[in-house]
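Computed from heavy atoms alone, side chains included, the values below leave out hydrogens, waters and symmetry copies.
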Amino acid sequence: MKQNLELLMEMLAALPDPVFVLSESGKYVALIGGHDARYYHDGSHLVNFSLHDVLPKERADWFLQEIQQTISEGRLRTVEYALGARDVKGLELAEGPDEEIWFEGRIQPLRKPVKGERAVVWVARNITERYNMQMQLKILSEQDELTGAFNRRKMMEALEERFAEYQRYHHPLSLIIFDLDRFKGVNDKFGHIAGDKVLLTITNLCQKQLRQQDLLCRHGGEEFAVLLPNTNLVDAVQLAERLRKTVAGYDFKQELGESYSISISAGVSTLQSEDKIESLMKRADDGLYQAKNSGRNCVISRPS
């Protein structure tokens with residue numbers, strides 16, 4: 001019997017992932033496993049402390065809510081969260097990963113009280129590598145490979161999100177669609193590799209003019225779109241003019257091997273109460289084509 005108990009304790013101590021017993025009030029009752037410093041920090045000092053003793057209030061409140069919800073539902077629940085050594089008092093100098101760790105937490109209510117309280121078993125598994133890979137794949141799925149701007153798929157997703165936000169809160173939303181004037185001539189004269197350099201440079205020039213919340217997308221070929229949350233038509237036209245002047249004032253000698261100017265034409269629209277996503281895009285497109293037919297290197301707004 002003693003040998004069996006010793007074997008059981010050795011097996012528990014060797015568990016690769018840390019296993020916490022946490023009470024309903026947020027107290028660390030026990031911790032076993034998770035001793036590999038390549039993946040985890042030693043949290044043995046946490047036992048007998050509460051979540052609010054060692055974590056910032058907002059983080060402690062979140063963990064406590066998950067514990068209490070699991071107990072209330074009486075079933076296994078799974079959550080994902082990020083936590084770094086700097087977030088936990090006493091781990092600042094502990095051996096372990098330097099970066100923030102992403103965890104998958106599997107939370108199971110215990111059938112019997114522990115020290116007079118209902119409690120859960122919380123298994124914390126390091127999924128940082130998987131999470132980073134998922135984020136990288138997500139970025140690749142949303143990003144134009146050549147320019148690094150977002151792609152059309154991302155723009156449509158963002159448009160749908162902002163459209164739903166507009167319907168609920170009526171925050172203004174504007175759209176710029178622009179393309180490079182006579183870009184075929186650039187490719188014909190200097191070649192497609194040089195043309196690609198021009199597209200990349202224009203992307204960088206435009207990004208510097210945008211706010212963090214704005215979204216620049218390569219719409220296709222030499223056509224781009226800029227989604228402008230919380231922006232009315234007047235401000236959107238002013239931004240489109242800044243983009244036009246920025247591009248027109250740049251000398252593409254470094255990209256093309258000789259002094260060369262390129263202009264853009266742009267259409268601008270803003271979301272109206274009766275709009276659908278398609279009508280917002282169509283008005284910006286109509287503005288672009290009108291700009292092309294008006295001599296290029298200009299901005300045309302289509303409010304309705």
Side-chain angles (χ1 to χ4, degrees), residues 131-169 171-181 183 186-187 192-193 195-233 235-247 250 252 255 262-271 275-289 291 299-302:
Y131 175 84
N132 289 339
M133 185 177 296
Q134 288 173 339
M135 289 301 100
Q136 185 63 33
L137 290 173
K138 185 175 186 295
I139 290 171
L140 290 173
S141 73
E142 296 175 343
Q143 195 174 57
D144 175 59
E145 185 177 0
L146 171 63
T147 64
F150 289 111
N151 57 24
R152 182 182 176 87
R153 172 185 171 183
K154 173 63 177 179
M155 188 194 74
M156 296 308 298
E157 288 179 357
L159 267 171
E160 290 174 2
E161 291 173 4
R162 295 298 183 177
F163 182 72
E165 184 181 276
Y166 174 83
Q167 289 180 311
R168 184 172 181 180
Y169 301 110
H171 294 162
L173 177 68
S174 295
L175 177 68
I176 301 170
I177 297 180
F178 71 87
D179 77 359
L180 281 59
D181 296 327
F183 187 65
V186 174
N187 284 330
H192 287 277
I193 293 177
D196 288 348
K197 291 179 181 178
V198 168
L199 291 173
L200 178 58
T201 295
I202 287 179
T203 299
N204 293 334
L205 289 172
C206 291
Q207 288 283 20
K208 292 177 181 178
Q209 299 296 321
L210 302 180
R211 304 165 298 181
Q212 186 173 3
Q213 69 195 67
D214 301 333
L215 193 146
L216 174 66
C217 305
R218 187 182 179 195
H219 206 228
E222 65 269 24
E223 187 172 286
F224 292 80
V226 186
L227 188 61
L228 302 169
N230 302 309
T231 306
N232 59 35
L233 185 63
D235 291 339
V237 170
Q238 289 178 350
L239 174 60
E241 279 290 350
R242 284 206 308 274
L243 297 179
R244 184 189 66 78
K245 291 177 181 178
T246 297
V247 174
Y250 183 85
F252 288 87
E255 292 78 11
I262 295 173
S263 63
I264 64 173
S265 300
V268 186
S269 63
T270 194
L271 198 59
D275 263 333
K276 300 294 183 184
I277 291 175
E278 293 77 10
S279 53
L280 173 70
M281 294 181 66
K282 184 178 186 305
R283 287 202 306 278
D285 261 329
D286 290 345
L288 170 60
Y289 290 123
V299 175
I300 301 292
S301 64
R302 297 295 297 267

Visitor: When rounded to the nearest 0.5 angstrom, what is the spacing between CG in Leu239 and CD in Gln209?
Guide: 7.5 Å
Visitor: For the residue pair Leu173 and Glu165, establish whether any side-chain heavy-atom pair is separated by less than 4.5 Å.
Guide: no
Visitor: In terms of the angle between their ring planes, are Phe163 and Tyr166 parallel, tilted or perpendicular, with boundaries placed at 30° and 60°?
Guide: parallel
Visitor: Please report the shortest heavy-atom distance between Thr270 and Leu280, naming the atom on each side.
Guide: C-CD1, 3.6 Å
Visitor: Any idea which heavy atoms bring Glu222 and Phe183 closest together, and the distance?
Guide: CB-CD2, 3.8 Å
Visitor: Checking Tyr250 against Ile262 for the side-chain contact (heavy atoms from CB on, under 4.5 Å) test, could you report, in this order, the C-alpha distance in whole Å, the side-chain angles of both residues, the deciding distance, and whether it holds?
Guide: CA-CA 8 Å; Tyr250 183 85; Ile262 295 173; over 6 Å; no
Visitor: Measure the OG-CD1 distance between Ser265 and Ile300 for me, rounded to the nearest 0.5 Å.
Guide: 9.0 Å
Visitor: More than 12 foreign heavy atoms under 6.0 Å from CG of Leu140: is that the case here?
Guide: yes
Visitor: Quick one: CG on Asp181 to CZ on Arg244, what's the gap to the nearest 0.5 Å?
Guide: 10.0 Å
Visitor: Give, for atom NZ of Lys245 and atom CD1 of Ile264, the distance between the pair rounded to the nearest 0.5 Å.
Guide: 12.0 Å
Visitor: So, taking the atom named NE2 in His192 and the one named CG in Leu199, what distance separates them when rounded to the nearest 0.5 Å?
Guide: 11.0 Å
Visitor: Mind checking salt bridge (charged side-chain N to carboxylate O under 4.0 Å, His left out) for Asp286 and listing every partner two or more places apart, or none if nothing turns up?
Guide: Lys282
Visitor: Among all residues two or more places apart in sequence or in another chain, which pass the side-chain contact (heavy atoms from CB on, under 4.5 Å) test with Glu161?
Guide: none
Visitor: State, to 0.1 Å, how close Asn232 and Pro172 come at their nearest heavy-atom pair, and which atoms those are.
Guide: N-CB, 4.3 Å
Visitor: Within the supplied structure, the quantity of interest is the number of heavy atoms (other residues, nucleotides, ligands) at a distance under 6.0 Å from Glu145 CD; does it exceed 12?
Guide: no
Visitor: Which of these passes side chain to side chain contact (heavy atoms under 4.5 Å, CB included) with Thr231: Leu227, Leu228, Leu233?
Guide: Leu228
Visitor: To the nearest 0.5 Å, what is the distance between CG (Leu205) and CG (Leu210)?
Guide: 11.0 Å
Visitor: Measure across Ala236 and Ile176 and return the closest heavy-atom pair with its distance rounded to 0.1 Å.
Guide: O-CD1, 3.7 Å
Visitor: Strictly below 4.0 Å, N to O, side chains only: are Lys154 and Glu142 in salt-bridge contact?
Guide: yes
Visitor: Under 4.5 Å between any side-chain heavy atoms of Lys276 and Ser279, yes or no?
Guide: yes
Visitor: Could you work out, with side-chain contact (heavy atoms from CB on, under 4.5 Å) as the rule, every residue matching Asp285, not counting sequence neighbours?
Guide: Ile177, Glu223, Leu288, Tyr289
Visitor: For Phe150 and Glu157: C-alpha separation, side-chain torsions, deciding distance, then whether side-chain contact (heavy atoms from CB on, under 4.5 Å) applies.
Guide: CA-CA 11 Å; Phe150 289 111; Glu157 288 179 357; over 6 Å; no
Visitor: List the atom of Asn151, the atom of Gln143, and the distance in Å for their closest heavy-atom pair.
Guide: ND2-N, 3.5 Å
Visitor: State, with a plain yes or no, whether a side-chain heavy atom of Arg283 is found less than 4.5 Å away from one of Asp275.
Guide: yes
Visitor: Report, as yes or no, whether the 6.0 Å neighbourhood of atom CE on Met133 holds more than 12 heavy atoms from other residues, nucleotides or ligands.
Guide: no
Visitor: Could you pull out the closest heavy-atom pair between Arg153 and Ser141, with the gap in Å?
Guide: NH1-CB, 3.6 Å
Visitor: Any heavy-atom pair between the side chains of Asp214 and Pro229 that's under 4.5 Å?
Guide: yes
Visitor: The test is side-chain contact (heavy atoms from CB on, under 4.5 Å); show your working for Lys208 and Thr246 and say whether it passes.
Guide: CA-CA 10 Å; Lys208 292 177 181 178; Thr246 297; over 6 Å; no
Visitor: Look at the side chain of Arg218 and the backbone N and O of Ala149, then say whether any donor-acceptor pair between them is shorter than 3.5 Å.
Guide: no
Visitor: Decide yes or no on side-chain contact (heavy atoms from CB on, under 4.5 Å) for Leu180 and Val186, but give the supporting numbers first.
Guide: CA-CA 10 Å; Leu180 281 59; Val186 174; over 6 Å; no
